[in-house]
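A short worksheet on the structure shown next.
We're numbering straight along the sequence, starting at 1.
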Amino acid sequence: MKRNTSISDFLSPLEDNQVQAYITNSLQVADVLEWILSQYGEGCKVYLTTFSISEEFLRRLYFIEQDFKPIQFCLALDLKATNKTLKLWPFISQVIDEVYLADNHSKVLLVINPVDGRRASVVMSQNLTRGNRYESAIVTTDTDVFSTLRIQYDDLITYHSVPFNDVFAQRLRED
């Protein structure tokens, strides 16, 4: 988040507003994730889809994980970004529990607190990278939106992806 900026300049608490949106160059995906987790507490499960991921974003996830343990991260990345992802694999494997590769260009963040059932969905334009461009997102606690995206996430993982561990192991055998 940019200095002198508060997330409350763009988003109100989830319980106060079921659907919210923004276009700004002040927020990053990690800011929004941390904001959701600050409202939902520890023990959440987080599903992410993106075309690309960066070391900067992974670093933020690492610190978010420290603040909200236990937490579980599941990630779907694009196959085209595999070479970059392979270089980040040691860090990815320390932070993210499940990683899959697919023909994916979506950018979705789903958070669920399995204890009390609270859910949030974020559909965004930003990859899981750190940038200074204007990005947009819609944030909602609508359970139908969450359920639809979760079903589609599961379909993507089950029928249209490969576990990153398999690709990584194959590359190691080739080298």
Side-chain angles (χ1 to χ4, degrees), residues 1 7 11 14 20-22 27-82 84-114 118-131 133 135-142 145-165 167-168:
M1 197 164 8
I7 200 157
L11 297 167
L14 291 167
Q20 306 176 63
Y22 65 82
L27 296 180
Q28 303 288 319
V29 175
D31 299 325
V32 176
L33 173 59
E34 192 169 27
W35 172 77
I36 292 170
L37 292 172
S38 71
Q39 296 170 74
Y40 283 13
E42 299 171 345
C44 289
K45 189 159 185 179
V46 177
Y47 302 90
L48 298 152
T49 70
T50 190
F51 177 80
S52 180
I53 194 166
S54 71
E55 182 180 347
E56 294 85 359
F57 180 80
L58 286 167
R59 194 174 309 116
R60 284 286 305 274
L61 271 190
Y62 174 82
F63 289 112
I64 289 170
E65 183 181 43
Q66 301 309 304
D67 291 340
F68 295 98
K69 278 186 177 180
I71 190 169
Q72 186 176 5
F73 291 111
C74 303
L75 173 64
L77 284 165
D78 190 83
L79 282 164
K80 291 180 182 175
T82 302
K84 176 183 176 184
T85 307
L86 281 169
K87 293 175 186 170
L88 292 173
W89 181 246
F91 197 10
I92 291 172
S93 65
Q94 289 179 354
V95 178
I96 299 176
D97 301 287
E98 299 173 24
V99 181
Y100 301 91
L101 297 173
D103 287 329
N104 176 62
H105 199 260
S106 66
K107 292 120 185 134
V108 174
L109 164 63
L110 303 173
V111 180
I112 184 168
N113 182 318
R118 288 182 293 170
R119 299 161 189 190
S121 306
V122 183
V123 178
M124 57 212 165
S125 63
Q126 185 179 13
N127 284 301
L128 302 182
T129 57
R130 179 143 181 91
R133 301 171 87 175
E135 300 285 356
S136 61
I138 295 176
V139 181
T140 182
T141 57
D142 182 280
V145 171
F146 183 93
S147 295
T148 298
L149 291 171
R150 178 62 202 280
I151 287 166
Q152 293 169 356
Y153 177 92
D154 288 345
D155 180 75
L156 174 68
I157 297 308
T158 304
Y159 301 109
H160 308 284
S161 75
V162 293
F164 190 82
N165 282 338
V167 173
F168 187 69

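S125 pairs by the side-chain contact (heavy atoms from CB on, under 4.5 Å) definition with E135, S136, not counting sequence neighbours. Qualifying ring pair (Phe, Tyr, Trp, His ring centres under 6.0 Å) partners for Y62, counting only residues two or more places apart in sequence or in other chains: none. Partners of T129 under the side-chain contact (heavy atoms from CB on, under 4.5 Å) rule, at least two apart in sequence or in another chain, are S52, S54, K84, N127.
Using a distance-only test at 3.5 Å, with no hydrogens or angles considered, no donor-acceptor pair links the side chain of Y40 to the main chain of I112. Judged by distance alone, the side chain of D97 and the main-chain N or O of C74 form no donor-acceptor pair under 3.5 Å. Proximity of a side-chain donor or acceptor of S106 to a complementary backbone N or O of V108 within less than 3.5 Å is not detected. Within the 3.5 Å criterion, the main-chain N or O of Q39 finds a donor-acceptor partner in the side chain of R118. Counting only distance, with no hydrogens or angles, the side chain of T158 and the backbone of D155 share no donor-acceptor pair below 3.5 Å.
Separation of atoms OH (Y153) and CG (L110) is listed at 8.5 Å; rounding is to 0.5 Å. Distance check, rounded to the nearest 0.5 Å: OG of S147 to CD of Q152 gives 11.0 Å. With rounding to the nearest 0.5 angstrom, the CD atom of Q20 is 11.0 Å from the CD1 atom of I138. One finds the CZ atom of F146 at 11.5 Å from the OG1 atom of T141 (value rounded to the nearest 0.5 Å). The structure places OG1 of T50 at 7.5 Å from CG of N104, a figure rounded to the nearest 0.5 Å. In this structure, the separation between NZ on K45 and CD on Q72 is 4.0 Å, given to the nearest 0.5 Å.
In this structure, P114 and C44 approach most closely via the heavy-atom pair CD-CA, 4.1 Å. Nearest heavy atoms, E65 versus I71: CG-CG2, 3.5 Å.
Counting heavy atoms from C-beta outward, L128 and L75 have side chains that approach closer than 4.5 Å. Between I7 and E34, every side-chain heavy-atom pair lies at or beyond the 4.5 Å cut-off. Put simply, the side chain of L58 reaches to within 4.5 Å of the side chain of I96, judged on heavy atoms. A 4.5 Å side-chain heavy-atom check between V122 and I36 finds at least one atom pair inside the cut-off. With a 4.5 Å cut-off on side-chain heavy atoms, F68 and L33 do not count as touching. Side chains of Q126 and Q28 form a contact here, defined as non-hydrogen atoms less than 4.5 Å apart. Contact annotation: the side chain of V145 never approaches that of R119 to less than 4.5 Å [non-hydrogen atoms, C-beta and beyond]. Two residues are said to be in side-chain contact when any heavy atoms from C-beta on lie closer than 4.5 Å; L149 and Y47 fail this criterion.
A donor atom on one side chain and an acceptor atom on the other are not found under 3.5 Å apart for H160 and D103. Side-chain contact, E98 with Y100: a donor N or O sits under 3.5 Å from an acceptor N or O.
With a 6.0 Å radius and a threshold of 12 heavy atoms from other residues, nucleotides or ligands, E55 has its CD atom at or below the threshold.
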### Message
Could you walk me through whether L14 and W35 satisfy the side-chain contact (heavy atoms from CB on, under 4.5 Å) test, starting with their C-alpha distance in whole Å, then the side-chain angles of each, then the deciding distance to 0.1 Å, before giving a yes or no?
### Response
CA-CA 9 Å; L14 291 167; W35 172 77; 3.7 Å; yes
